[in-house]
Each structure stands twice: as C-alpha cells, then as structure tokens.
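So that the names make sense, note that chain A is the first sequence line, chain B the second, and so on, each numbered from 1.
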Amino acid sequence: MPDVAVVGFAQAPNVRSTPGTTNGVEMLVPIFAEVFERTGLSKEDIGFWCSGSSDYLAGRAFSFIAAVDAIGAFPPIHESHVEMDAAWALYEAWLKIRMGEVETALVYGFGKSSAGQLRRVLALQMDPYVVAPLWPDSVSVAGIQARLGLEAGLWSEKDLAEVAARSRADAASNPAAQFSGTAEVADLLDAPYFADPLRAHDIAPVTDGAAVLVLASAERAADLVDSPAMITGIEHRVDSPSLGVRDLTRSPSTAAAGRALDLDGVELAELHAPFTHQELILRDALGLGEQVRINPSGGVLTGNPMFSAGLARIGEAASRILDGSARKTLAHATSGPVLQQNLVATLEVLS
Amino acid sequence: MKHLAAVLGTGQTHHKAKRTDVSMPGLLREAIDRAMLDAQTGWDDIDAVVLGKAPDLFEGVMMPELFLADSLGANGKPLLRVHTAGSVGGSTALVAASLVQAGVHKRVLTVAFEKQSESNAMWGLSILPPFQMPVGAGAGGYFAPHVRSYIRRSGAPDHIGAIVAAKDRRNGALNPYAHLRQPDITVESVQASQMLWDPIRYDETCPSSDGACAMVIGDEAAGDAVPGGAAWIHATAMRTEPTTFAGRDQVNPQAGRDAAAALWRDAGITDPLSEVDTAEIYVPFSWFEPMWLENLGFTDEGQGWKLTEAGETALGGRLPINPSGGVLSSNPIGASGMLRFSEAAKQVMGRAGDYQVDGARVALGHAYGGGSQFFSMWVVGSAKPS
C-alpha cells in the first residue's frame, strides 16, 4: 500500500462574513491557484477530488454541486463529497491513494456560517423527533459540558481563560486568523457570561472560510516538495448522539482514535476545539503532556470556518513539517454536538 | 495493488410513499438487520459504517448520520457520510468498498436511505440561491428536453419509453420489496396515461419513496467464506462534470462515457454487451434506458433504443436491465443508487428470487445524479477478478 503525504495547503482568510456566495467558489478559486503554484501541479495532474461542506449551512440542497465550478468546466473529474468537515474528505482521498487507484488528490472544504444563524442551524444536528424541536443551540449545549467539568473539578474558569489568552497571542503569527492579540487572563475573567459558564472568549467565533490540501503518494510527493508531510496514521471514531448516555467531560472517540496511533514524540498538536474547555478534554483524551505545543496557529478559537476548520488543522500541522520546523505533529478534527465525532492524524518527516 | 473486496450480503426495506410505521432509525434498521442476516455477520465483526443519502433538506435533519450513530451500530467505530446527489447510493458503496480495498478494514457496513415523507422534497429542491439559473420545473421538467433531444438525434420511435416502463413495472411485480408492483401494465396502458412533461407520461416516471438499502462488504477471506459465493467487486468508477457549460452534451454526458470506459478497462471487459449478463441502471424516467445503454457503451450512439425495442433488455433477453423493477418501481432517492449496486450483487450471488437472471455471473450497478453530471458504477462477478 502506498504511503500518503501532504504536499500543499492553503486557506482563505477566516472572516466574520464573506461577500461571496454560499457555494464557496469565490473563496476556493484563489486558494486552488495557490496550491497549484506551490506544488507545480495543474488541474489535469489531480487524480481524485474530494470535498466537505454542508447543505444546511448554505441553506439549500446540493451546495457542493456549484462548488465544482471552482475547479473548471472540463474535462470531467474523478470526484466525491462528504457531508462532513473536509478532514473526512481527506480520509476518503487517503483511501484512494492507499488502494493504488490514484497518485494525487486535492481535498477542499468550505462554509459560509454567516449565511444563517449558526447556533440555531446546528440545533438541527440533534435527534429530530424529541430533541431538535426544543432548539437546543450549540453554544448552550457546550455550556452544559463546560459546567459539568467545572462542577467535577476538572477545570476552572481561569483554566479556560488561559486557553483563550494563549490562542489569541499565537494567532498573531497566523495571517489567516480572524482575530488575535494580547489579553490578560484577569481581564478575560471580568467579561460577562455569554452562555453561563461560557464567556465570549471561550467560544469560537462565527467564521466564513475555505481550505484546500493536496495529497500525493510518498513516491510522487518526493518530486513535488522538499519536505513532504507523511501521514503516518489517521483514525476516526464517533460517539453516541445521546447526551445523557455519555460522560460529556470525556471524549472516548478521540481517545480511541489516539490509542490506535503512535503518539510518541509528537512535538505539536493542532486541536479542533471550538470551546476553551474542549481543548482540555482533547489534551486529556490524547494524553498530550506539557511538552507538546498546542495550536501554534491560534486554533479555531481565533477562526472556525465550518466544514474546513478540521481540514485546516491537518493543513496547519502539515505546514510545520513542510517548512522544516517540526519532525512529528498531530492534527485533530471534530464534528457534531460537543465533540461527538473525532479524527486524529499524525504527520512526520518523510524518511 | 488493491485488496480484493466482495459483497457478503444485502438488505432493503419495503418501499412506500410514506413509511409512517417507522422512524428514520427504524427504517435504517429494517435494511441493516436484513443485510447483517444475509451476510451472516455479527456487530462485533463490523469495523466501520458508511452512510449515504441525498440532501439533508429532504428530511429536515442536518447531517443525520450524527443522530443515527446509535441505530447504525457505529458508536466507537469510524462513521463516514457521503453525499453526491442522486448518485450517492452508488458512491457510498464505493467508499465502503475502498475501506476494504485499501486494506484498512475487513468488514464494512454501508447503508443509504431517503425518508422523503419526513419533509417535502419539492420544497427541498426549490430554494433559489442567488446568481444561479432557476429551473423551477421539477426533475421531469429538467430532463424532458434531454429526452426530446435524444429522440430527435436517434430517430427512436415514440413507444420506446412505454416499452421500458411496462417492462420495469412488470419486473417490479416480481420483487416483494418494490414500491410499485403492476403485473398487468402494458405498453398501451402506459401510452394512455397522463402526459406530464412531453414526451414523459405519468407511468414513465419514478415514484417518490421512503426506503433504505444496506450491504456488508468484506475482504477476500470474508468473501471466500460466503455460502454459495460472494459478489466480487471487479471494477469501480466515478466521474463528475459541471451542471452548466456551453459545450456540455446533456444527452450523452462525457463524465458518464469516461466513467464507463474506465470501468470496462479495469474490469477487463472489451465487449460489454456480450460479457455482461445483467445490468441495474439508474432509470428514473423510462427513456433513460436507451440513453444510458449508449452512454455506457453497450451499443453505439443512436442504437440503444433498438435493443429495447427488440425485447433484449427484458428478462430472458440478451441483456436484462433492471430485473428488480429499477428506479421506476421504487425511488428512495438517496438509496436508489445503492439498490442498483446491491441488486447487481444479488444477481451474481444467485439471490434475486423470482427475478433472478439465469446464469448471471457478471453484473453492472450504475447510478447518476444532479443534472446527469455525477456518475458512479461497479461491475461485480460471481468469480474472483483474474
């Protein structure tokens, strides 16, 4: 089975609201050009295309169809789509290279969260017969999760504010971030609650954005870039949707995915944690110690474009290998209410 | 090098316009439980689950695989959700197959569904996004000009569509799971039915169904253990082209032709008409049978209708098409493609009951979606690929 490497990554600016349409075309065209330029590949060189997006975010059926226009009209392409974060589209593309069907793949994700009211839209992910009719908005559900951890003594409000402060400071070096800056933990704790016990700084901002990532077989990757980021492991799992049957202060699906991988020697981790307390849950589930640098990009607390944010975590973790600043990194993506579904990948220097 | 993969068992629901007797989890379990039984597989043997369906707006649930994780038996396992418009049932089966072909898993459960009665499909397809051409004519209105164009280009006589409709509905009467079962339908009665979108008549259109289809796909060792023989996956193909583009041939799309060419090449088939024993082709409007016969390369361009007119696509003919009754007899949109793939598998496993094609050893499963722009297909066989 061919090994698979990341050879290119680009993302659109993470913005509160893009003037573009909900199909992502305006955000995708420039970043397709960017990865083609960096890898020297063209549309005709791509063996398989796969995307991740959501019809509900776009407020219409078949939102991914129009996104295909960003690729260019003809000839026909070998293509697929997941109604999930594009991190799972990457998994499908990884399979295609592993099974020897193609040598290269381009994966993209896009989402215009600003087109609707995101917290309300995400309520429609819940059980439609007995839960969704109550409109439990996503921030309030996360608030319940945060409260359970506080009452169990697993974290304090100060712990959460420290995550927020570090994320904002790190985002200063990320040109795609929605915002960044220095903040004192004490000042953050003076802010009013948004959804008790969560304050605004505990919650990822509503963000529009898109990301694109190019995969190649290890053999092909060596010809394309100096330092390909080898995917040495990738696993994903889902947990029960029923909030009452799982311990919301833990993430068993993340832990199980992590156990299936070799996490020894991971230098940095890009975690898809849309709420400050979820970063703490994920660190614990993956057993990441103090020596592991968390979210050097600033993470999704400084920009969380739905359906591309998970793919962008893999892109950010791969970029540290591609630029030679790390030898082994970890990436994580999440989907569903309060960390229901999770994907973990390890990336390493091609030996 | 791909690992070998095979269908170990299949299951489907009874299809109806409104399955008000079951919830979405109940509908899915009806298909899944039959597939697990047919595959003689226990839950502990399932390594991953792949779910497909068409737009979320058809049921009014965002990413329903999340709330369905319990009923899919997916908790603690990998779960993928595929969405490629009307071709999705086929694409979903191909993603499930690739999990085995890549050597990642030994047994994968795949399921596709549509419970159209939960919401309103017409509403789901009628939201007008800005800057895009509104069609506003439903699927039949969209495809009727393609059919007229096909008739003009091929010189096909008017009754070809009625032949297909009468054949598929009579086949459907042999299938205990079919939504429409009309043993007494005739070419004349189809021609006497209401004209909806000229030249497409009421009896030449698919129903709107609630339903689901499931399969268990396994590796070589699992395939070897199937009593009576598994359905071995010989080749798969997918292709996409944009909806609108001035040079696009919507009657005979390039993406379909490219996918078929790749499929036959990978399956080692040089003459599909003589080497394929039966085909389950996505025919939601009757005229798509001759159109896809040509697009798939079973005949030359303009010749597909002659095969239909000669009765060669009926049971007992040279290439029986849609012996299960096809999309014209049951159309739970998200599941319709997987039904084509699973019915092809049932034929080569000899498990198609009253509509079994005698001696079927090689079968095609085909799905298309969008405005005839997404294609997925597979060839399955009773023997391992050489």
Do you know the tightest heavy-atom contact between [X] and [Y]?
X	Y	answer
Y91(A)	L80(B)	CD2-CD1, 4.0 Å
G76(B)	R237(A)	O-CD, 3.0 Å
H83(B)	D55(A)	NE2-OD2, 3.2 Å
T240(B)	E79(A)	OG1-OE1, 2.7 Å

**Item:** Side-chain H-bond candidate by donor/acceptor type, D258(B) with H78(A), under 3.5 Å
**Value:** no

Name each donor-acceptor pair under 3.5 Å that joins a side chain in residues 101-112 of chain B to protein atoms two or more places apart or in another chain, with its distance.
residue : atom : partner : partner atom : Å
T110(B) : OG1  : V50(B)  : O            : 3.0

**Asked** Using a cut-off of under 4.5 Å for heavy-atom pairs, which of S240(A), A132(A), A61(A), S80(A) has the most such pairs with chain B?
**Response** S240(A)

**Message:** For E65(B), which atoms come within 4.5 Å of any heavy atom of chain A: side chain, backbone, both, or neither?
**Reply:** side chain

Pick one of side chain, backbone, both or neither for [X], based on which atoms fall under 4.5 Å of a heavy atom in chain B.
X	answer
L122(A)	both
V121(A)	both
A73(A)	both

**Request:** Report the relative orientation of the aromatic rings in F67(B) and Y129(A); use parallel for angles under 30°, tilted for 30 to 60°, perpendicular for over 60°.
**Result:** perpendicular

**Request:** Mind telling me whether F62(A) and F58(B) have parallel, tilted or perpendicular rings, with 30° and 60° as the class edges?
**Result:** perpendicular

